[in-house]
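In what follows, a structure is listed as structure tokens, so that the remarks can point back to it.
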Amino acid sequence: QVQLVESGGGLVQPGGSLRLSCAASGVTFGSCAMGWFRQVPGKEGEFVAAISRSGGRPYSAGAVLGRFTISRDNGKNTVFLQLNSLKLEDTAVYYCAAEGARDIDIYFVRDEEYDYWGQGTQVTVSS
């Protein structure tokens, strides 16, 4: 079955950087649009970034624009999220998601548009 495994989270100081990875298995990775979401306990999940199956036109939410960058390596079945200039409000559990139902080279920003989810990796920004 499809499995998404996130890694790279941890504790970092404000202004620091982290690189999150999401390794996919059980799916034709090159056929899946990929996305990152984050969630703070007690609050609704928030879209962070997305990328189409080919890697064209990576897209980031306004709250992280210019600081976070999504990318993918289809040869390694992995999607990445580079987090730079981290702020306290970036603290959350970050989830990787895959969309595999549509054969269209576009990206998606709504959680209901994704078919598979990882279990998340914790990012904590603290001084």
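Please read all numbers here as calculations on a predicted model, not as lab measurements. Hydrogens, waters and symmetry mates play no part in the numbers below; they use all other heavy atoms, side chains included.
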Report task. Would you indicate whether Q122, at its atom CD, is surrounded by more than 12 heavy atoms from other residues, nucleotides or ligands within a distance under 6.0 Å? Result -> yes
**Report entry** Closest non-hydrogen atom pair between I51 and S71, with its separation
**Finding:** CD1-CA, 3.9 Å
Query raised in the report: Does E46 reach the main-chain N or O of Q39 with its side chain, forming a donor-acceptor pair under 3.5 Å?
Result: no
**Report entry** Centroid-centroid under 6.0 Å between Y95 and F37 rings
**Finding:** no
Query raised in the report: Looking only at atom types and distance, does a side-chain atom of S60 sit under 3.5 Å from a main-chain N or O of V64, one as donor and one as acceptor?
Result: no
Query raised in the report: Within a strict 4.5 Å, meaning less than it, do heavy atoms of the F29 and R53 side chains meet?
Result: no
Mind listing the side-chain donor-acceptor pairs of residues 10-26 below 3.5 Å, one per line with the distance, residues two or more places apart or on another chain?
from	atom 1	to	atom 2	distance (Å)
S17	OG	N84	OD1	2.9

Requested in this report: Look at atom CD of E112 and say whether more than 12 heavy atoms of other residues, nucleotides or ligands are closer to it than 6.0 Å.
Outcome: yes
**Report entry** Pairwise distance OG1(T69) to CZ(F80) - rounded to 0.5 angstrom
**Finding:** 13.0 Å
Report task. Please report the shortest heavy-atom distance between V79 and C96, naming the atom on each side. Result -> CG1-SG, 3.8 Å
Report task. May I ask you to check whether D73 and T78 show a side-chain donor-acceptor distance below 3.5 Å? Result -> no
Requested in this report: Look only at the side chain of R57 and the backbone of I106, and say whether a donor-acceptor pair between them is shorter than 3.5 Å.
Outcome: no
Query - Criterion ring pair (Phe, Tyr, Trp, His ring centres under 6.0 Å) against Y107, the qualifying member of W36, Y114, Y59, F47 - result: Y59
Report summary line: When rounded to the nearest 0.5 Å, the distance separating CD1 of I70 from CZ of R72 is 8.0 Å
**Report entry** Under 3.5 Å: donor-acceptor pair, side chain of N74, backbone of G30
**Finding:** no
Query raised in the report: Should L88 and Y94 be counted in the same cluster of Ile, Leu, Val, Met, Phe, Trp and Tyr side chains packed under 4.5 Å apart?
Result: yes
Query raised in the report: Is there a donor-acceptor pair under 3.5 Å between the side chain of T91 and the backbone N or O of V125?
Result: yes
Report task. Over all heavy atoms of both residues, which pair between V40 and A92 is shortest? Give the atoms and the distance, please. Result -> CG2-CB, 4.0 Å
Report summary line: In short, G9 meets V123 closest at the heavy-atom pair CA-CG2, 4.2 Å
Query - Selection residues 85-102 - residue pairs positive for salt bridge (Lys or Arg N to Asp or Glu O under 4.0 Å), sequence neighbours left out - result: R38-D90, R67-D90, E99-R102
Requested in this report: Measure across V93 and G120 and return the closest heavy-atom pair with its distance rounded to 0.1 Å.
Outcome: CG1-CA, 3.8 Å
Query raised in the report: Taking only residues two or more places apart in sequence or in another chain, which ones pass side chain to side chain contact (heavy atoms under 4.5 Å, CB included) with S31?
Result: T28
